[in-house]
Amino acid sequence: MKRKFGIVLLGSIIMWTLLAIQGNGREAPQIALTFDDGPSSVYTPKLLDGLKERRVKATFFLMGANIEGNEKIVKRMQEEGHLIGNHTYNHVQLEKVSEMDAREEIEKTGNLIYEITGEYPMYLRPPFGSWRKDLELAVTMIPVFWTIDTLDWQNQSVGTILYKVESKIEDGSIILMHDEYEASVEAALEIVDRYKEKGYRFVTVDQFMND
């Protein structure tokens with residue numbers, strides 16, 4: 001049975017992000033790698049291979065239009081312990097469509113994820129960081145934003161991506177990337193290698209809330 005999704009705004013969206021980026025007295029600094037717009041049939045498996053080899057978990061905000069035909073990749077994400085979130089079906093800017101269309105975009109993707117994994121996604125990344133308050137409905141979804149935007153879709157250069165991260169990274173950073181570009185995959189794995197060596201721990205975004 002498919003479930004109809006809703007969203008509730010939990011106080012201030014910014015409040016959650018501030019809670020996420022605080023160190024909270026942790027011994028080891030933490031980073032969350034997050035990937036939007038996937039899955040990609042070409043690059044997501046390469047990224048998953050690299051993360052598995054390094055024993056690192058990430059968060060994937062999936063676009064419904066890219067799920068169909070890539071169901072095995074989504075199932076693999078779940079089996080390997082990554083967090084799966086919702087990124088709408090067609091990557092729409094939620095403030096620029098009707099409430100009905102916005103709900104449909106989210107519900108359709110949520111139901112696709114459920115059909116593959118048996119779990120409804122609890123985390124939503126609104127495309128373009130665009131949120132609308134009239135989506136405050138009965139079912140709780142937690143909007144997740146970012147503290148570092150690598151702009152990897154714009155600058156397909158490993159060096160440029162790494163520079164953007166290194167200039168801003170700190171304990172609690174939520175890094176925005178996309179798993180549909182070769183340079184992004186290479187840069188993400190380099191970030192893991194560099195910052196694991198420096199003592200950082202890579203977590204999924206829900207782990208920030210649980211620590």
Side-chain angles (χ1 to χ4, degrees), residues 2-21 31-40 44 58-68 70 74 77-78 82-117 119-154 164-165 168 172-181 184 188 203-209:
K2 291 185 178 181
R3 168 183 170 185
K4 291 297 184 181
F5 273 76
I7 308 164
V8 62
L9 188 65
L10 300 181
S12 167
I13 297 172
I14 298 175
M15 179 70 70
W16 184 86
T17 302
L18 290 175
L19 288 172
I21 64 176
I31 305 169
L33 278 177
T34 68
F35 298 91
D36 289 5
D37 294 0
S40 159
T44 305
T59 303
F60 291 86
F61 292 99
L62 305 184
M63 234 174 77
N66 288 334
I67 291 175
E68 298 183 32
N70 290 315
V74 177
M77 288 176 181
Q78 180 194 40
H82 302 288
L83 181 64
I84 298 173
N86 191 321
H87 198 48
T88 75
Y89 191 85
N90 291 302
H91 202 270
V92 299
Q93 188 165 342
L94 295 174
E95 289 183 328
K96 293 189 176 181
V97 298
S98 69
E99 179 185 353
M100 181 179 297
D101 287 345
R103 289 179 59 185
E104 182 179 355
E105 284 279 331
I106 295 166
E107 290 170 3
K108 191 173 181 181
T109 297
N111 285 327
L112 281 173
I113 293 171
Y114 174 75
E115 289 168 3
I116 298 167
T117 67
E119 298 179 4
Y120 292 105
M122 293 301 297
Y123 297 87
L124 169 73
R125 172 162 284 161
F128 312 102
S130 173
W131 183 257
R132 54 186 301 159
K133 290 187 177 182
D134 60 4
L135 292 178
E136 299 173 12
L137 304 173
V139 178
T140 300
M141 293 190 74
I142 300 175
V144 179
F145 294 86
W146 55 88
T147 62
I148 299 175
D149 186 352
T150 63
L151 297 175
D152 57 338
W153 58 274
Q154 189 177 61
K164 288 183 180 295
V165 171
K168 296 181 179 179
S173 289
I174 300 174
I175 302 172
L176 168 60
M177 304 187 74
H178 299 80
D179 52 324
E180 54 185 336
Y181 306 107
S184 299
V203 300
T204 52
V205 294
D206 58 331
Q207 290 177 286
F208 276 138
M209 302 185 70

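Remember, it's a predicted structure, so these values are computed and weren't measured experimentally. Position 1 is the first residue of the sequence; numbering continues from there.
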Enquirer: On a heavy-atom basis, which atom in Leu33 and which in Met177 lie closest, and how many Å separate them?
Expert: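 What the structure gives for the nearest pair is CD2-SD, 4.0 Å.
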Enquirer: Give a yes or no on whether the backbone of Thr204 and the side-chain of Gln207 come within a donor-acceptor separation of less than 3.5 Å.
Expert: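 Here the side-chain-to-backbone pair exists.
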Enquirer: Partners of Asn66 by side chain to side chain contact (heavy atoms under 4.5 Å, CB included), sequence neighbours excluded?
Expert: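 If we apply the side chain to side chain contact (heavy atoms under 4.5 Å, CB included) test to Asn66, skipping adjacent residues, the hits are Pro39, Met63.
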Enquirer: Measure the spacing between CG of Asp101 and CZ of Arg103 and express it to the nearest 0.5 Å.
Expert: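 So the CG of Asp101 and the CZ of Arg103 are separated by 11.5 Å.
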Enquirer: So, Glu180 side chain and Gly38 main chain: donor-acceptor pair closer than 3.5 Å or not?
Expert: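 Not at all, since once roles are kept as given, no pair shorter than 3.5 Å links the two residues.
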Enquirer: Begin from the C-alpha positions of Leu176 and Arg125 and carry the test side chain to side chain contact (heavy atoms under 4.5 Å, CB included) through to its verdict.
Expert: CA-CA 10 Å; Leu176 168 60; Arg125 172 162 284 161; 3.3 Å; yes
Enquirer: Could you check if a side-chain atom of Met122 sits within less than 4.5 angstrom of a side-chain atom of Asp206, using non-hydrogen atoms only?
Expert: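 Heavy-atom side-chain distance check fails, nothing below 4.5 Å.
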Enquirer: Just to verify, what does Asp37 make a salt bridge (Lys or Arg N to Asp or Glu O under 4.0 Å) with, not counting sequence neighbours?
Expert: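 Listed in chain order: nothing, the list is empty.
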Enquirer: If you take all heavy atoms of Phe61 and Leu124, which pair is closest and at what distance?
Expert: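 Minimum heavy-atom separation between Phe61 and Leu124: CE2-C, 4.0 Å.
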Enquirer: So does Pro121 get a backbone contact from the side chain of Asn86, meaning a donor-acceptor N/O pair under 3.5 Å?
Expert: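 Checking the backbone N and O of Pro121 against the side chain of Asn86, no donor-acceptor pair under 3.5 Å is found.
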Enquirer: Of all the heavy-atom pairs spanning Phe208 and Ile31, show the shortest one and how long it is.
Expert: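 Nearest pair, atom of Phe208 first, then Ile31: CZ-C, 4.2 Å.
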Enquirer: For Gln93, enumerate each residue passing the side chain to side chain contact (heavy atoms under 4.5 Å, CB included) test, keeping only those at least two apart in sequence or located in another chain.
Expert: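 Result, side chain to side chain contact (heavy atoms under 4.5 Å, CB included) vs Gln93: Lys96, Phe128, Ser130.
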Enquirer: Could you walk me through whether Glu104 and Lys108 satisfy the salt bridge (Lys or Arg N to Asp or Glu O under 4.0 Å) test, starting with their C-alpha distance in whole Å, then the side-chain angles of each, then the deciding distance to 0.1 Å, before giving a yes or no?
Expert: CA-CA 6 Å; Glu104 182 179 355; Lys108 191 173 181 181; 5.6 Å; no
Enquirer: In Å and rounded to the nearest 0.5 Å, what is the OG1 to NE2 distance from Thr109 to His87?
Expert: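 Those atoms lie 10.0 Å apart.
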Enquirer: Run the side chain to side chain contact (heavy atoms under 4.5 Å, CB included) test on Leu94 and Ile106 for me, step by step, so that the C-alpha distance in whole Å, both residues' side-chain angles and the decisive distance to 0.1 Å come before the verdict.
Expert: CA-CA 10 Å; Leu94 295 174; Ile106 295 166; 4.3 Å; yes
Enquirer: Would you check if Asn111 and Tyr120 make a side-chain contact, meaning some heavy-atom pair closer than 4.5 Å?
Expert: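 Asn111 vs Tyr120: side chains touch.
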Enquirer: Would you please name every residue forming a ring-ring contact (aromatic ring centres under 6.0 Å, His included) with Phe60, sequence neighbours left out?
Expert: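 With neighbours one apart ignored, the set is Phe35, His82.
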Enquirer: Checking Gln154 now: which residues fulfil side chain to side chain donor-acceptor pair (under 3.5 Å) with it, not counting sequence neighbours?
Expert: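 Gln154: no side chain to side chain donor-acceptor pair (under 3.5 Å) contacts found.
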Enquirer: Do Tyr123 and Leu83 have side chains that get closer than 4.5 Å, going by heavy atoms?
Expert: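 Sidechains of Leu83 and Tyr123: in contact.
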Enquirer: Is it the case that the side chains of Asp179 and Thr44 hold a donor-acceptor pair, with the cut-off being a distance below 3.5 Å and no angle test?
Expert: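 Thr44 vs Asp179: donor-acceptor pair found between side chains.
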Enquirer: In the structure I gave you, are the side-chain heavy atoms of Leu151 and Trp153 within less than 4.5 Å of one another anywhere?
Expert: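 Heavy-atom side-chain distance check passes, below 4.5 Å.
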Enquirer: With sequence neighbours excluded, tell me which residues meet side chain to side chain contact (heavy atoms under 4.5 Å, CB included) with Glu119.
Expert: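 Glu119 satisfies side chain to side chain contact (heavy atoms under 4.5 Å, CB included) with Gln78, Thr117 only.
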Enquirer: Between Val74 and Ile84, what is the shortest heavy-atom contact and its length?
Expert: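 Closest heavy-atom pair between Val74 and Ile84: O-CD1, 3.6 Å.
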Enquirer: Just so I know, are the side chains of Ile174 and Phe145 near enough to count as touching, which here means a heavy-atom distance under 4.5 Å?
Expert: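 Ile174 does not reach Phe145 side chain to side chain.
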Enquirer: Does some side-chain heavy atom of Leu112 sit less than 4.5 Å from a side-chain heavy atom of Glu68?
Expert: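 Yes, their side chains come closer than 4.5 Å.
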Enquirer: From Asp152 CG over to Tyr181 OH, what is the distance, rounded to the nearest 0.5 angstrom?
Expert: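 These two atoms lie 7.0 Å from each other.
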